[in-house]
Amino acid sequence: MRNDTAVALASLNNAFYAAHADSFASTRRSAWPGWVRCAQQLRDCWGAGDPRLSGEVPLRVLDVACGTLRFERYLREAFPEANLRVTALDSCPQLVCEDGLEDVAIEYHCIDIVRALLGQAAKTDAWLGVPAGAFDIVACFGFFHHVPGAANRDMLADALLRARAPKGALAVSLWRFMDDAGLAAKARIAHEQAQTALPLQGESLDFSDLEPGDWIIGWQGRPGAYRYCHSFDDGDATLLREHMARVQEVDVACFRADGRTHALNEYLMAYSATALGKAMQS
């Protein structure tokens with residue numbers, strides 16, 4: 001994918017979230033079932049007596065594309081004794097809501113992650129703007145499908161792995177909406193409509209430069225509401241998982257969860273290479 005196409009897709013998504021933040025946030029209030037399994041894997045990997053979970057030392061969290069901060073609300077429920085210290089990144093401050101999280105230390109940074117990734121800053125290790133090796137949990141949920149281009153998604157994974165502390169964990173979700181017949185039908189209709197509608201709205205996008213699995217989808221049937229999303233398949237997930245394992249000495253566990261099918265998201269969880277991690281992977 002050309003860089004100008006990726007930039008156009010990033011702009012499309014920025015415009016979507018700026019215009020529809022309220023309606024989007026209203027659908028993002030509850031925790032995903034997959035997070036419960038992520039938390040259990042952390043307990044299994046670290047042990048119930050880990051000082052990060054007991055509150056003896058801070059539990060440092062990096063939430064990339066934090067949205068409404070509902071993951072932080074879930075973490076407080078899942079690890080009630082933990083002393084949560086959160087660095088939250090997102091490009092849409094209208095979504096960020098700290099209500100009910102007064103007892104959690106949250107440092108929010110407004111950053112256009114995709115544009116930073118696509119820019120010159122991506123050629124350095126510091127483009128994400130967070131310290132390397134600083135976080136016990138690095139989370140990136142509901143966002144990889146907004147990153148255009150497989151090579152760019154690999155680069156994002158690299159940055160997330162660098163942010164993970166030596167004994168920390170990285171958890172990401174990969175949306176597989178084309179596996180769901182209903183969502184797939186809606187995506188095909190919206191994608192076809194967008195090829196006519198976007199030029200009329202002044203959006204310039206070369207649809208021929210999209211990669212397999214790339215779609216322009218709608219939102220709640222609203223006219224003109226379009227965003228770019230990539231639907232992951234087995235091949236995508238395997239390549240990203242293998243890339244993550246090569247970049248650092250980590251084991252990468254995977255599982256499916258969420259949605260009516262309990263398989264709408266594929267989760268990848270990376271840990272330091274340990275016997276326990278290998279057992280979890282197998």
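Position 1 is the first residue of the sequence; numbering continues from there. All values derive from a computational prediction rather than experimental measurement.
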Original post:
According to the salt bridge (Lys or Arg N to Asp or Glu O under 4.0 Å) rule, which pairs have a member within residues 47-67, sequence neighbours left out?
Top reply: D50-R52, R52-D136, R60-D136
For [X] and [Y], indicate whether the former's side chain and the latter's backbone hold a donor-acceptor pair under 3.5 Å.
| X | Y | value |
| --- | --- | --- |
| R176 | E266 | no |
| D90 | C66 | yes |
| S231 | M178 | yes |
| W35 | L75 | no |
| E102 | G100 | yes |
| R164 | L170 | no |
| S173 | G142 | yes |
| D258 | G34 | yes |
| D180 | F177 | no |
| H262 | A257 | no |

Subject >> Test log, rule side chain to side chain contact (heavy atoms under 4.5 Å, CB included), inputs L161 and V138 >> reply: CA-CA 8 Å; L161 285 168; V138 178; over 6 Å; no
Assigning hydrophobic clusters by single linkage (Ile, Leu, Val, Met, Phe, Trp, Tyr; side-chain heavy-atom cutoff under 4.5 Å), is [X] placed with [Y]?
| X | Y | value |
| --- | --- | --- |
| L264 | W219 | no |
| I189 | Y226 | no |
| V36 | L69 | yes |

Testing the basics here: between [X] and [Y], what is the closest heavy-atom pair and its distance to 0.1 Å?
| X | Y | answer |
| --- | --- | --- |
| A187 | W215 | O-CE3, 4.0 Å |
| I111 | L128 | CD1-O, 3.7 Å |
| Y228 | P148 | OH-CA, 3.4 Å |
| L117 | N152 | CD2-O, 3.5 Å |
| A169 | W46 | N-CZ2, 4.4 Å |
| C97 | R73 | O-NH2, 2.7 Å |

Original post:
Between D206 and R2, is there a salt bridge with N-O shorter than 4.0 Å?
Top reply: yes
Do the non-hydrogen side-chain atoms of [X] and [Y] ever get within less than 4.5 Å of each other?
| X | Y | answer |
| --- | --- | --- |
| L240 | D154 | yes |
| F207 | L198 | yes |
| V57 | N83 | no |
| D103 | R76 | yes |
| Y108 | P93 | yes |
| I106 | L84 | no |
| D179 | T261 | no |
| V114 | N13 | no |

**OP:** For the residue pair D214 and H191, confirm or rule out a side-chain donor-acceptor distance under 3.5 Å.
**Re:** no
Could you grab the distance from atom [atom1] of [X] to atom [atom2] of [Y], nearest 0.5 Å is fine?
| X | Y | atom1 | atom2 | value |
| --- | --- | --- | --- | --- |
| M244 | D158 | CE | CG | 9.5 Å |
| L89 | D112 | CG | CG | 11.5 Å |
| L174 | N265 | CG | CG | 8.0 Å |
| L183 | I217 | CG | CD1 | 8.0 Å |
| W127 | R115 | CH2 | CZ | 13.5 Å |
| L268 | L160 | CG | CG | 11.5 Å |

**OP:** Test H146 against every option in W175, F16, Y17 by the ring pair (Phe, Tyr, Trp, His ring centres under 6.0 Å) rule and name the one that passes.
**Re:** Y17
Original post:
When the ring planes of Y267 and F255 are compared, do they come out parallel, tilted or perpendicular, using 30° and 60° as the limits?
Top reply: parallel
**OP:** Could you list the residues that satisfy ring-ring contact (aromatic ring centres under 6.0 Å, His included) with F232, not counting sequence neighbours?
**Re:** H230
Original post:
Would the number of heavy atoms belonging to other residues, nucleotides or ligands and lying under 6.0 Å from CD of E192 be above 12?
Top reply: no
**OP:** Would you please test L42 and M269 for side chain to side chain contact (heavy atoms under 4.5 Å, CB included) and show each step?
**Re:** CA-CA 9 Å; L42 287 173; M269 292 194 68; 4.3 Å; yes
